[in-house]
Amino acid sequence: MRFQAPRGTEDVLPDRAHVWQWIEREFRALTHAYGYREIRTPVFEDTELFIRSAGETSDVVSKEMYEFKDKGDRSLTLKPESTAPAMRALVEHNLCPQGTVTRLCYVSSAHYRYDRPQKGRLREHHQCGIELVGSPSPAADAEVIEVAVRFLQRLGLMDVTVRLNSIGRDECRQRYREVLLEHAKPYLDQAAEDVREKAQKNPLRLLDSKDPAAQELMATAPSILDYLEDDSLARFTELQALLSAAEIPYVVAPEIVRGLDYYTETVFEVLSSNLGAQSAMCGGGRYDNLIKELGGSALPSVGFGMGVERLILVLESIGALPAAPRPKVFIAYHGEELRAEAFAIVRQLRAEGIAVVTDVDARSLKSQLRQADKSVAEFVAVLGEDEIASGTVSLKHMDSGDQRSVLRNELAGALG
RNA sequence: GCGGUUGUAGCUCAGGGGUUAGAGCGCCUGACUGUGGCUCAGGAGGUCACGGGUUCAAGACCCGUCAGCCGCCCCA
């Protein structure tokens with residue numbers, strides 16, 4: 001019986017693992033510089049947590065949850081997103097006392113959504129993200145967006161542009177929905193059943209529809225920005241000023257809407273043309289009501305999530321993946337009789353923290369050189385009868401081919 | 001969840017009813033029995049995704065399942 005990885009999941013193989021390590025290392029370093037502290041939450045949560053936060057009618061909750069009952073008859077769900085779990089933990093452990101601001105991040109956290117897989121869309125995927133809790137200031141939004149952009153730039157994506165919008169507060173959205181439905185009435189009257197249903201559930205969805213007829217209609221639709229409350233508009237304006245001052249490239253995109261119900265005011269995303277239909281690399285926004293909804297105090301907050309698999313696809317498409325780390329030296333030896341002697345050298349070098357590979361099978365010297373070549377080790381040290389006699393090794397630099405004789409007790413230094 | 005498309009060696013693919021299924025790359029061994037990459041020679045490696053059916057005969061045709069990909073829905 002042969003098995004394959006479950007549908008929509010991917011193995012990270014050794015040739016790629018260093019890329020993940022690099023992304024995680026860079027993300028930790030950057031978020032640390034901004035004062036974010038890592039949080040790790042369980043892979044599953046009470047199902048109700050996601051229903052309350054993302055919203056009963058959201059696609060994530062209504063059709064994409066990995067929900068199951070445990071042996072104690074509890075309804076649990078593999079987390080489809082990380083904001084709600086992080087905020088659950090924040091409330092549970094009182095991580096953000098009234099009047100303070102708390103910065104949290106998560107690194108390659110696993111997420112599960114039961115959807116039809118395609119390139120860039122998996123049933124298990126990973127996100128790096130941050131949450132800035134406790135501030136209503138547009139400076140908080142600006143900081144979060146800045147972290148996302150600086151991170152992508154740091155990885156080598158030099159032309160990233162943030163797409164930015166404000167969807168206001170509930171009252172504003174309520175009014176705008178009606179205006180939008182009215183505008184779309186002629187279109188909806190002759191639209192397909194599922195389109196009408198979708199419009200009924202969430203009229204804002206019409207805005208980013210890919211249907212040409214809908215797009216044409218939306219081009220002449222009133223903008224939500226004209227319906228924002230005065231204070232929302234003022235905050236949105238100030239956010240743009242802050243982004244400009246920080247030299248964050250952005251465009252206002254009134255059509256963007258997010259799929260989770262908890263978003264308020266600022267929403268944003270970063271797209272890439274290298275991802276096909278699943279073009280969003282990063283998405284986020286403000287959620288001023290969520291924490292209260294989860295039983296905490298009214299803490300206005302903002303955050304983003306970034307898809308690691310999608311990020312890697314983009315980096316790969318522009319040739320920006322880092323080279324694999326190289327072993328420092330391959331210890332080759334001539335014949336099985338010299339293996340113990342070779343291993344003694346190997347042990348000594350490793351004890352000094354040097355990355356060393358060697359052959360366990362005592363194969364021919366030619367074979368060992370080939371192994372060394374494949375391992376991309378920087379050096380090969382050859383140990384044979386002659387070297388034993390003189391207390392040396394023959395040290396070969398693999399890139400140049402230069403070879404010289406080095407005393408055994410000077411080997412570690414010669415590798416430097 | 002809907003529509004389409006593909007599945008043959010580790011990888012990229014050829015073979016589209018007729019003996020023991022092929023190529024390139026990769027892998028292993030060898031070409032002065034102490035030296036990688038280049039070249040040459042040899043070798044290993046396949047339940048032709050899986051299960052059923054049609055046929056004298058199926059890798060090929062039909063049905064189902066599983067999986068990948070493309071689009072939609074949605075999203076990271």
Side-chain angles (χ1 to χ4, degrees), chain A residues 1-10 13 15 54 57-64 79-83 106 108-129 148 192-195 197-198 201-202 205 208-212 214 256-260 269-272 275-284 304-314 330 332-335 338 359 361 363-388 393-403:
Chain A
M1 184 65 186
R2 286 187 63 139
F3 295 95
Q4 53 193 148
R7 183 164 204 208
T9 67
E10 277 179 354
L13 303 178
D15 279 348
T57 59
S58 67
D59 277 59
V60 166
V61 168
S62 62
K63 58 179 205 190
E64 295 174 4
K79 65 182 166 194
E81 59 108 19
S82 273
T83 300
Y106 46 90
S108 283
S109 164
H111 296 80
Y112 301 86
R113 290 179 199 169
Y114 191 88
D115 200 348
R116 180 123 155 203
Q118 58 188 77
K119 192 183 189 73
R121 189 175 66 197
L122 300 165
R123 289 182 173 176
E124 177 186 66
H125 79 279
H126 299 78
Q127 291 182 27
C128 292
E193 177 63 30
D194 58 327
V195 175
E197 203 173 299
K198 188 173 81 159
K201 272 200 321 203
N202 190 349
R205 282 263 154 250
D208 60 357
S209 170
K210 285 173 190 162
D211 177 37
I256 75 168
V257 187
R258 311 249 73 226
L260 305 171
E269 57 191 27
V270 180
L271 268 42
S272 170
L275 282 173
Q278 313 308 321
S279 58
M281 225 176 348
C282 172
F304 73 76
M306 189 162 327
V308 178
E309 285 87 351
R310 287 186 186 178
L311 184 53
I312 292 174
L313 283 173
V314 173
F330 188 105
Y333 52 97
H334 189 232
L338 295 185
D359 180 29
D361 294 320
R363 297 195 209 197
S364 71
L365 208 53
K366 182 182 271 294
S367 168
Q368 293 188 45
L369 265 291
R370 275 199 284 256
Q371 291 175 58
D373 196 43
K374 266 191 305 177
S375 79
V376 299
E378 287 176 49
F379 295 93
V380 170
V382 178
L383 186 68
E385 299 298 343
D386 299 348
E387 287 84 356
I388 292 286
V393 296
S394 296
L395 186 62
K396 182 171 191 172
H397 185 252
M398 291 299 271
D399 294 343
S400 65
D402 296 343
Q403 182 167 321

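All values below come from the heavy atoms of this structure, side chains included, with hydrogens, waters and symmetry mates left out. Each chain gets a letter, A, B and so on, in the order its sequence line appears, and its residues count up from 1.
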* Of the non-hydrogen atoms in A/Asp208 and A/Val257, which two are nearest, and what is the gap between them? -> OD2-O, 4.3 Å

* To do: Ignoring backbone atoms, establish whether A/Arg258 has a side-chain N or O less than 4.0 Å from OP1 or OP2 of B/A76.
  => yes

* Asked: Any side-chain N or O of A/Lys366 under 4.0 Å from OP1/OP2 of B/G36?
  -> yes

* Torsion-based syn/anti label for B/G10, 90° from 0 as limit -> anti

* Identify whether any heavy atom of A/Asp115 sits under 4.0 Å from a base atom; if not, whether one sits that close to sugar-phosphate; answer base, sugar-phosphate or nothing. => base

* To do: Quick one: label A/Gly284 by what it contacts on the DNA or RNA (base, sugar-phosphate, nothing), any heavy atom closer than 4.0 Å.
  => nothing

* **Dot-bracket pairing map - RNA chain B, Watson-Crick plus G-U, both contacts under 3.5 Å, | cross-strand** => (((((((..((((....[...)))).(((((.......))))).....(((((..]....))))))))))))....

* Asked: A/Gln118 side chain N/O closer than 4.0 Å to the phosphate oxygens (OP1, OP2) of B/G71?
  -> yes

* Describe the nucleic acid contact of A/Glu309 in one word from base, sugar-phosphate, nothing, applying a heavy-atom distance below 4.0 Å. => nothing

* **Check: B/G34 base within 3.5 Å donor-acceptor of A/Gln368 side chain** => no

* **Spatial distance of atom CZ (A/Arg205) from atom CG (A/Asp59) [nearest 0.5 Å]** => 7.0 Å

* Name the nucleic acid region contacted by A/Leu122, choosing base, sugar-phosphate or nothing; use a 4.0 angstrom heavy-atom cut-off, strictly under. => base

* Does a side-chain N or O from A/Lys198 land closer than 4.0 Å to OP1 or OP2 of B/C72, or not? -> no

* To do: Rounded to the nearest 0.5 Å, what's the gap from CD on A/Glu378 to NZ on A/Lys396? Could you check?
  => 15.5 Å

* Which listed nucleotide (B/U35, B/G30, B/A76) is nearest to the side chain of A/Gln127? -> B/A76

* Which is true for A/Glu124 with a 4.0 Å heavy-atom rule: it touches a base, it touches only sugar-phosphate, or it touches nothing? -> nothing

* Using a cut-off of 4.0 Å on non-hydrogen atoms, how would the nucleic acid contact of A/Lys119 be classed: base, sugar-phosphate, or nothing? -> sugar-phosphate

* Classify the nucleic acid contact of A/Gly120 as base, sugar-phosphate or nothing, counting any heavy atom under 4.0 Å across all strands shown. => base

* Within the pair A/Lys210 and B/C73, is there a side-chain N or O less than 4.0 Å away from OP1 or OP2? -> yes

* With distance as the sole criterion, is a donor-acceptor pair present between the side chains of A/Glu64 and A/Tyr114 under 3.5 Å? -> no

* Asked: Is A/Gly129 touching bases, backbone alone, or none of the nucleic acid, heavy atoms closer than 4.0 Å?
  -> nothing

* A/Arg363 near the nucleic acid: base, sugar-phosphate alone, or nothing, with a heavy-atom cut-off under 4.0 Å? -> sugar-phosphate

* **A/Arg7, nearest nucleotide to its side chain (from B/G30, B/G68, B/G34)** => B/G68

* When all nucleic acid strands are considered with a 4.0 Å heavy-atom cut-off, which category describes A/Asp211: base, sugar-phosphate, or nothing? -> nothing

* Atom pair SG/CD of A/Cys282 and A/Gln127 - distance to nearest 0.5 Å -> 9.0 Å

* Asked: OP1, OP2 of B/G71 versus side-chain N and O of A/Arg116: anything below 4.0 Å?
  -> no

* Which nucleotide sits closest to the side chain of A/Arg121: B/C69, B/U35, B/C73? -> B/C73

* Structure fact -> Closest to the side chain of A/Arg370, out of B/C73, B/G34, B/G30, is B/G30

* With centres under 5.5 Å and planes under 30° as the test, does A/His111 stack with B/A76? -> no

* Asked: Is A/Ser367 near enough to B/U29 that one of its side-chain N or O atoms lies under 4.0 angstrom from OP1 or OP2?
  -> yes

* For A/Glu269, report the nucleic acid contact type (base, sugar-phosphate, nothing); a contact means any heavy atom under 4.0 Å. => nothing

* Among all residues two or more places apart in sequence or in another chain, which pass the ring pair (Phe, Tyr, Trp, His ring centres under 6.0 Å) test with A/Phe379? -> A/His397

* **Spatial distance of atom CZ (A/Arg123) from atom CZ (A/Arg116) [nearest 0.5 Å]** => 9.0 Å

* Sugar-phosphate only, base, or nothing, as touched by A/Met398 at under 4.0 Å among non-hydrogen atoms -> base

* **Closest listed nucleotide, where the reference is the side chain of A/Ser364 and the choices are B/C70, B/G1, B/G30** => B/G30

* To do: Could you walk me through whether A/Leu122 and A/Thr9 pass side-chain contact (heavy atoms from CB on, under 4.5 Å), step by step?
  => CA-CA 6 Å; A/Leu122 300 165; A/Thr9 67; over 6 Å; no

* Among side-chain atoms of A/His126 and A/Ser109, is any donor-acceptor pair under 3.5 angstrom? -> no

